[in-house]
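Taking it in order: structure first as structure tokens, then the write-up.
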Protein chains: 2
Amino acid sequence: MKEMQEKILAEGKVISGGILKVGSFLNQQIDTDFLKKMGKEIAELYSGEKIDKILTIEASGISIAVAAGMEIGVPVVFAKKHLTSNVDGAFYSADVHSFTRDEDYSVVVSIDFLSQGERILIVDDFLANGQALNGLLSLVKQAGAEPVGVAVAIEKCFQGGGDEIRGRGIRVEALAAIESMSADTIVFRNN
Amino acid sequence: MKEMQEKILAEGKVISGGILKVGSFLNQQIDTDFLKKMGKEIAELYSGEKIDKILTIEASGISIAVAAGMEIGVPVVFAKKHLTSNVDGAFYSADVHSFTRDEDYSVVVSIDFLSQGERILIVDDFLANGQALNGLLSLVKQAGAEPVGVAVAIEKCFQGGGDEIRGRGIRVEALAAIESMSADTIVFRNN
């Protein structure tokens, strides 16, 4: 998505530790016009697929998942990052390690909201090591549902998570895929 | 909003401690068609007002704020619940006590995303004691911005936060306002 690359070049900030800050339009402030376009693009990429539901993870995946869900016309379920009073009863859970924050957490979703046989599109803002997405894929598998694929706003290819998931036969689409980056230069995959 | 009342009556579950579970359509699974209607309703309620930006709080406020932001055509900023690596540099911060979880946390937003003189609509899923909304109002005040008002999906009037904020001259709108509730009966304010 050309416009995502342009946004990253115009507003993104690369800081140490392989982190790209896109708080001005994606994960603290949200440009709602641009968000609609992201939703349309994800709907377009997966237009040939039957999708029953979108699964994402709080917090910054929610806006993108909602934009895609509005376009595709399906509900969005968001996994929570730790067990709270809002998830009662039985739930699916998977452990995730965050390299960015160097901490472990669980991703949790009530069994009421993922069902056997459902075709699930997984959506998130970033794909780096793939830890969070692998947690979501585990929840889908635990439910006996089927992953249609993954759609992320930004893939950091050099952290390997996307290609590892593709290697297991799961479709992964990124609106922008970054092959390498430094404070001065960002190189995208496929143009 | 009649349809919100109907949704609550059809799908909401009242549990002990004054908690209403609406996970099936609002804060774990999101009905995206209904979400669009909520966004339109909030835009309609505040149609006479100049709004520069919407402020909400992660995680379950985000979807409603995004739906309203898409309708009104303004950006959404979401405050984070604790200091993470995604907020660097200077920020506004306010302390909040959660009665639901009996814990204290900070709401934090980068100074880059709230500016002096901006007219801010505050959006969240629930309004109970008003702790979270008072935290957001404090961030708006710290920035020298102006609160246009508050819009929430569900107000639990019996917990007093909404009327307390109205008493300070700030407009508060709820898509459904619950006067009282028990396992058997939910009574709405104004019909």
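Every chain is numbered from 1 and lettered A, B, ... according to where its sequence line falls, protein lines coming before strand lines.
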- Message: Are the side chains of F78(B) and S63(A) in contact, using a 4.5 Å heavy-atom criterion?
- Response: no
- Task: Check whether more than 12 heavy atoms from other residues, nucleotides or ligands sit under 6.0 Å from atom CD of E103(B), and answer yes or no.
- Result: yes
- Message: What part of V74(B) gets within 4.5 angstrom of chain A, counting heavy atoms only: side chain, backbone, both, or neither?
- Response: backbone
Enumerate donor-acceptor pairs with a distance under 3.5 Å from any side-chain N or O in residues 159-167 of chain B to protein atoms, sequence neighbours excluded.
| unit_1 | atom_1 | unit_2 | atom_2 | d |
| --- | --- | --- | --- | --- |
| Q159(B) | OE1 | K156(B) | NZ | 3.3 |
| D163(B) | OD1 | R166(B) | NH1 | 2.8 |
| D163(B) | OD1 | R189(B) | NH1 | 3.2 |
| D163(B) | OD2 | R189(B) | NH2 | 2.9 |
| E164(B) | OE1 | R168(B) | NH1 | 3.1 |
| E164(B) | OE2 | R168(B) | NH1 | 3.1 |
| R166(B) | NH1 | E155(B) | OE2 | 3.0 |
| R166(B) | NH2 | E155(B) | OE1 | 2.7 |
| R166(B) | NH2 | V172(B) | O | 3.3 |

- Item | Heavy-atom pair count under 4.5 Å with chain A, highest-scoring of G73(B), A67(B), S24(B) | S24(B)
- Item | Neighbourhood of chain B inside residues 29-45 of chain A, taking heavy atoms under 4.5 Å as contact | Q29(A), I30(A), T32(A), L35(A), K36(A)
- Taking a cut-off of under 4.5 angstrom between non-hydrogen atoms, the residues of residues 127-145 of chain A near chain B are none
- Query: Taking only residues two or more places apart in sequence or in another chain, which ones pass salt bridge (Lys or Arg N to Asp or Glu O under 4.0 Å) with D52(A)?
  - Reply: K50(A)
- If you group Ile, Leu, Val, Met, Phe, Trp and Tyr by side-chain heavy-atom gaps below 4.5 Å, do V187(A) and L175(A) land in one group? no
- Item | Single-linkage hydrophobic cluster L20(A)~L9(A), side-chain heavy atoms < 4.5 angstrom | yes
- Message: Has Q28(A) got a side-chain atom pairing as donor or acceptor with F113(B)'s backbone, closer than 3.5 angstrom?
- Response: no
